[in-house]
Amino acid sequence: MPATEMTARYRKLKDYWRGRFGGRVQKVSLHAGMTCPNRDGSLGTGGCAYCSNEAFTPAYCHSGDSLEEQIEQGLAFQARRYPRAVGFVGYLQAYTNTYGPLEKLVGIYETILGHPGLSGLVVGTRPDCLPDSLLDYLQAAATRKPVYVELGIESMEDATLARMNRGHSHAQAVEGIQRVAAHGLPVGAHFLVGFPGEVWTRFFERVDEINALPLHSIKVHQLHVFKGTPLARQYLDHPEAFDFPRVEDYFEQLAGWLARLRPDLYIDRLFGDAPLKYILNPSWGIRLDVLVARFDAWLEQRGVSQGCRHRRAS
Ligand code: SF4
């Protein structure tokens with residue numbers, strides 16, 4: 001049995017998709033030519049300090065191609081790579097995929113939802129960019145094919161959000177999560193660990209706040225400093241402000257956090273992965289699949305499972 005399947009010590013989001021479709025489901029990343037209010041001037045122009053949409057976009061996804069072309073190319077690529085996949089879902093990850101005129105957004109979503117090769121839609125966006133009309137549309141669309149919303153929450157510390165130029169507060173992020181969930185849509189949250197000026201273990205201490213949110217899944221991973229970003233400048237000027245976890249320490253914190261995490265929450269990701277050519281800070285130098293397998297084995301050896309020390313809020 002492959003090491004990655006050795007244990008079910010935490011609830012993997014891929015198993016949610018497997019449960020819905022009866023087998024492996026793979027995302028197909030798509031670039032719909034979106035921008036972002038933190039880049040086009042409506043909220044800011046510099047973007048979030050760490051943001052590199054180039055690094056977030058897989059190599060097979062060519063933003064110059066039409067959406068239809070990207071779907072065909074992405075499906076062909078992923079089908080070759082994952083021959084055992086039984087389904088594929090369109091994934092709008094880079095930029096803010098709920099920002100723009102509703103009519104234009106609906107056209108993009110409909111192209112994805114209407115494609116016979118795609119079984120669902122995952123929409124990545126900011127938590128402060130969720131108009132009611134758009135959520136109403138997504139709620140209705142979800143009756144035809146699964147629709148999943150992924151929100152970039154990044155940090156629960158307002159000071160960090162401000163330093164990273166996110167342009168929203170944590171309270172706004174919580175409200176965004178609640179509004180998506182109130183529309184009956186599964187909502188995932190993305191967090192980064194290791195921002196400068198923030199003790200990296202702090203995220204793991206606030207597990208009870210995560211448990212209290214109406215989240216369906218969570219994605220957390222170590223921060224990468226991508227070349228050419230404002231964060232890269234900060235790193236070059238003040239490397240002492242950055243405290244990157246050692247892999248063993250990250251495992252330790254992650255395990256303690258998982259133990260206290262709500263057992264019904266799905267885990268989308270626990271480790272970051274990006275091409276090394278984009279990353280400025282020292283890398284752990286371990287391939288993602290190896291890292292996941294090592295962590296799974298580490299949990300197994302210690303008998304730690306998601307929720308094993310979870311206490312229901314009274
Ligand atoms: S991370 Fe998202 S919100 Fe921030 S600048 Fe990049 S695309 Fe915009």
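Whatever order the structure lists ligands and atoms in, that order sets their numbers, starting from 1.
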*Is it the case that Thr125 and Glu150 place a side-chain donor and acceptor less than 3.5 Å from each other?*
no

*Is it the case that Glu154 and His190 place a side-chain donor and acceptor less than 3.5 Å from each other?*
yes

Which atoms of ligand 1 are found less than 4.0 Å from any heavy atom of [X]?
{"X": "Gly47", "value": "5 (S)"}
{"X": "Arg39", "value": "5 (S)"}
{"X": "Arg126", "value": "3 (S)"}

*Closest to atom 5 (S) of ligand 1 (judged by heavy-atom distance), picking from Pro127, Cys48, Ala49*: Cys48

*Does Cys36 bring an N, O or S atom to within less than 2.8 Å of atom 8 (Fe) of ligand 1?*
yes

*Contact between Arg166 and ligand 1, counting heavy atoms under 4.0 Å?*
yes

_Give me the residue, atom name and distance of the protein heavy atom closest to atom 6 (Fe) of ligand 1._
Cys51 SG, 2.3 Å

*Taking atom 7 (S) of ligand 1 as the reference point, the nearest protein heavy atom with its distance*: Tyr95 CA, 3.4 Å

*Give a yes or no on whether a salt bridge exists between Lys12 and Asp296, defined as a side-chain N under 4.0 angstrom from a carboxylate O.*
yes

*asked:* Can you see whether Trp298 has Arg302 sitting over its ring - NZ or CZ less than 6.0 Å from the centre and within 45° of the normal?
replied: yes

*Exercise: identify the closest heavy-atom pair between Ala32 and Leu92*: CB-CD2, 3.8 Å

*If every non-hydrogen atom of Arg260 is compared with every non-hydrogen atom of Asn211, which pair is closest and at what distance?*
O-ND2, 2.9 Å

